[in-house]
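This report refers to the structure that appears directly beneath it.
Chain naming here is simple, since letters A, B, ... match the order of the sequence lines and numbering starts at 1 in each.
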Amino acid sequence: MLTLKVITEETDDVIRRLAKKHFDGKQIIGEIIELDKKRRATQAELDNAKAEANNLAKQIGQLMKEGKKSEAEAAKAKTAEIKESTKKMDEDLKNFETEITNRLLVIPNLPNELVPEGNGADDNLVVKEGGPKPNLGPDALPHWELAKKYDIIDFDLGVKITGAGFPVYKGKGARLQRALIDFFLDNAREAGYLEIEPPYVVNQASGYGTGQLPDKEGQMYHCNVDDLYLIPTAEVPVTNIYRDVILNESELPVMNTAYSACFRREAGSYGKDVRGLNRLHQFDKVEIVRIDTPEHSYTSLQEMLDYVQTLVDKLELPWHILRLCGGDLSFTSAITYDFEVFSAAQKRWLEVSSVSNFETYQANRLKCRYRTADKKTQLCHTLNGSALALPRIVAALLENGQCEKGIRMPKALVPYTHFEYID
RNA sequence: GGUGAGGUGGGUGAGUGGCUGAAACCACCAGUUUGCUAAACUGACGUACGGGUAACCGUACCGGGGGUUCGAAUCCCCCCCUCACCGCCA
């Protein structure tokens with residue numbers, strides 16, 4: 001969530017920037033500022049009353065020691081009075097605070113100035129592209145048919161065991177999954193990221209920390225008996241490592257990578273978007289996470305983009321990078337770049353990575369801070385990105401790699417798959 | 001699942017009603033000494049909110065919530081978590 005400070009000190013600017021996300025913040029921010037004024041006044045009054053009561057309590061102790069009973073009794077009566085008066089102030093203060101927080105929670109992050117205006121996917125800006133364009137014949141098959149032809153991914157079997165969206169990978173299909181995970185983790189490690197193996201199930205506090213709760217509760221699988229959530233991405237457990245932590249500036253940027261299975265209910269999805277590997281309830285992903293100073297976070301973001309680009313390049317896939325417009329930007333993000341690869345047989349772009357800077361938005365809820373050289377504590381910036389999500393990469397590898405001999409694997413991957421063709 | 005022990009600052013750990021926002025030790029930071037390093041010595045050293053240009057002052061916080069009391073880390077109640085042993089299982 002946004003900090004109270006930015007709202008009270010840069011009110012007009014905040015309202016202006018929120019408009020780019022198509023969020024009209026004028027009223028709610030006015031309310032917050034009013035509530036904050038009342039909150040401050042109440043606290044000042046309450047603190048004074050409590051200070052007086054504390055003083056009296058000390059005096060009573062002294063008077064008792066000296067045997068001045070009647071004076072002590074008089075002081076006691078006075079503290080009782082004060083206590084009565086603080087009751088209401090205490091309640092008011094709590095109310096003001098929760099009212100303010102409730103409002104802060106529904107205000108999205110401020111978009112960075114670089115974020116283009118726009119309503120939806122069509123307004124996203126292509127900032128860079130590359131990779132070899134495949135030349136497939138008219139008889140090129142979509143990946144779900146290739147999966148069947150080579151018997152490497154069985155969607156029906158997944159339906160039998162679990163349900164739609166839980167495919168079963170077999171033979172070279174399964175080996176390709178394992179190879180990609182290994183390939184991504186090795187690359188991340190060589191780029192300086194510390195490998196983490198996190199829990200795949202998290203508690204409520206972690207869900208709130210990264211912002212999946214309360215708003216996206218319906219998107220996560222929930223274990224009722226233990227009140228735990230299956231993670232939708234490794235971002236959740238990895239970022240929560242730094243919840244309630246004060247880092248030293250010298251430790252930044254923190255660079256972590258983690259593989260995990262990811263679980264998403266994807267409530268409300270339908271149609272061709274969910275065909276084959278395009279959208280699953282369980283999938284594999286390697287994530288990169290950074291915690292950084294505000295001064296350096298945009299350098300970090302660029303390094304993350306450059307890094308992800310090396311992955312799609314090594315996989316010999318045609319790619320482009322989109323800078324998401326205000327309307328397409330997620331609630332918590334200040335700026336997001338999506339990597340898409342071209343799926344030649346489906347003739348459409350598939351999102352395989354989303355790299356974002358959340359600035360202090362996530363850190364504020366996480367209470368992830370750092371100590372500057374001059375000993376001040378400040379909120380960190382948090383960033384994350386997929387590097388990469390497997391299913392759509394597999395879809396693109398299958399479709400773009402199809403040839404007479406089967407499906408050709410990119411050179412960089414062969415040391416991991418130990419085979420050159422799926423045939 | 002059963003039984004027991006325990007949750008105090010970055011760490012270890014003292015503290016059973018006022019002198020405690022919290023001893024001591026360790027770590028970290030600054031300085032002195034030193035040819036360098038080490039050692040030794042000196043000092044500083046929690047977080048949040050509120051007030052103030054600032055120095056600084058006030059309030060709250062000893063797992064969380066409630067209660068008793070003029071006054072609670074300390075007493076009472078509820079909850080959460082961790083550890084140990086046993087059982088069960090991988």
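Heavy-atom distances to RNA chain B give each of A:R39 and A:L46 a nearest nucleotide, and the one nearer the 5′ end belongs to A:R39. Heavy-atom nearest nucleotides on RNA chain B were determined for A:A80 and for A:A51, and the one closer to the 5' end corresponds to A:A51.
Residue-level contact check: A:K69 touches neither bases nor backbone, having no heavy atom under 4.0 Å from any strand. Within the 4.0 angstrom heavy-atom criterion, no nucleotide atom of any strand lies near A:A75.
Atom-to-atom, NZ of A:K78 to P of B:rU69 comes out at 21 Å; the value is rounded to the nearest Å. Regarding A:L35, its CG atom lies at a distance of 14 Å from the P atom of B:rG50, rounded to whole Å. In this structure, A:Q43 atom CD and B:rC57 atom C1' are separated by 14 Å, rounded to whole Å. Straight-line distance from the CG atom of A:D47 to the P atom of B:rG52: 13 Å, rounded to whole Å.
Nucleotide B:rU33 is matched to nothing when pairs are restricted to Watson-Crick or G-U wobble geometry with both distances under 3.5 angstrom. Pairing for B:rA39 is absent, with no Watson-Crick or G-U wobble pair whose two atom distances lie under 3.5 Å. Base pairing of B:rU20: no nucleotide in any strand meets the Watson-Crick or G-U wobble criterion (both distances under 3.5 Å). The partner of B:rG9, taking Watson-Crick or G-U wobble pairs whose two distances both stay under 3.5 Å, does not exist in any strand shown. Taking a pair to require two hydrogen-bonding distances under 3.5 Å in either a Watson-Crick or a G-U wobble arrangement, B:rA14 remains unpaired. A 3.5 Å limit on both hydrogen-bonding distances identifies no Watson-Crick or G-U partner for B:rA73. As the counterpart of B:rA60, B:rU47 is assigned, both hydrogen-bonding distances of the Watson-Crick or G-U wobble pattern falling under 3.5 Å. The partner of B:rC83 is B:rG4, by the rule that a Watson-Crick or G-U pair needs both atom distances under 3.5 Å.
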Report each atom pair, protein N/O against N/O of nucleotides 60-62 of chain B, whose distance is under 3.5 angstrom.
none

Tabulated below should be each protein N or O lying under 3.5 Å from an N or O of nucleotides 77-81 of chain B; please produce it.
none

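A gap of 15 Å separates the C1' atoms of B:rG46 and B:rC29, to the nearest Å. If you take atom C1' in B:rA73 and the same atom in B:rG9, they sit 13 Å apart, rounded to whole Å. For B:rA24 and B:rC41, the P atoms lie 15 Å apart once the distance is rounded to whole Å. Look at the P atom in both B:rA14 and B:rG7: the space between them is 9 Å, to the nearest Å. Taking the P atoms as reference points, B:rU37 lies 13 Å from B:rU32, given to the whole Å.
A donor-acceptor pair shorter than 3.5 Å cannot be found between the side chains of A:N278 and A:R275. Neither side chain, A:T310 nor A:D313, offers a donor N or O lying under 3.5 Å from an acceptor on the other. Using a 3.5 Å distance cut-off with no hydrogens or angles, the side chains of A:S333 and A:N109 do not pair a donor with an acceptor. Under 3.5 Å, the side chains of A:Y421 and A:R408 contain no donor-acceptor pair of N or O atoms. Between the side chains of A:Y259 and A:E287, no donor-acceptor pair is found at a separation under 3.5 Å. Residues A:E399 and A:H143 have side chains that bring a donor and an acceptor to within less than 3.5 angstrom of each other.
Contact check, A:T377 against B:rA48: a side-chain N or O comes under 4.0 Å of OP1 or OP2. Residue A:R371 places at least one side-chain N or O under 4.0 Å from the OP1 or OP2 atom of B:rU47. Between A:K367 and B:rU47 there is no side-chain N or O to OP1 or OP2 distance below 4.0 Å.
Between B:rA48, B:rG50, B:rC70, one nucleotide has an atom nearer to the side chain of A:R369 than all others, and that is B:rA48. Looking at the side chain of A:I60, the nearest of the listed nucleotides B:rG66, B:rC70, B:rC49 is B:rC70. Counting only heavy atoms from C-beta on, A:K83 has its side chain closest to B:rU69 among B:rU47, B:rU69, B:rU59. In this structure, of B:rU47, B:rG50, B:rG71, it is B:rG71 that holds the atom nearest to the side chain of A:A57.
Under the side-chain hydrogen bond (donor to acceptor under 3.5 Å, both in side chains) rule, A:S356 has a single partner from A:T332, A:T382, A:T336, A:D338, which is A:T336.
A salt bridge is defined here as a Lys NZ or Arg NE, NH1 or NH2 lying under 4.0 Å from an Asp or Glu carboxylate O, and A:D36 with A:R40 meets this definition.
In this structure, A:K172 forms a cation-pi arrangement with A:F419, its terminal cationic atom sitting closer than 6.0 Å to the ring centre and no more than 45° off the ring axis.
Note: A:F263 and A:Y221 have perpendicular aromatic rings, judged against thresholds of 30 and 60 degrees for the angle between ring planes.
Every residue was checked against the side-chain hydrogen bond (donor to acceptor under 3.5 Å, both in side chains) condition with A:R17, not counting sequence neighbours, and none meets it.
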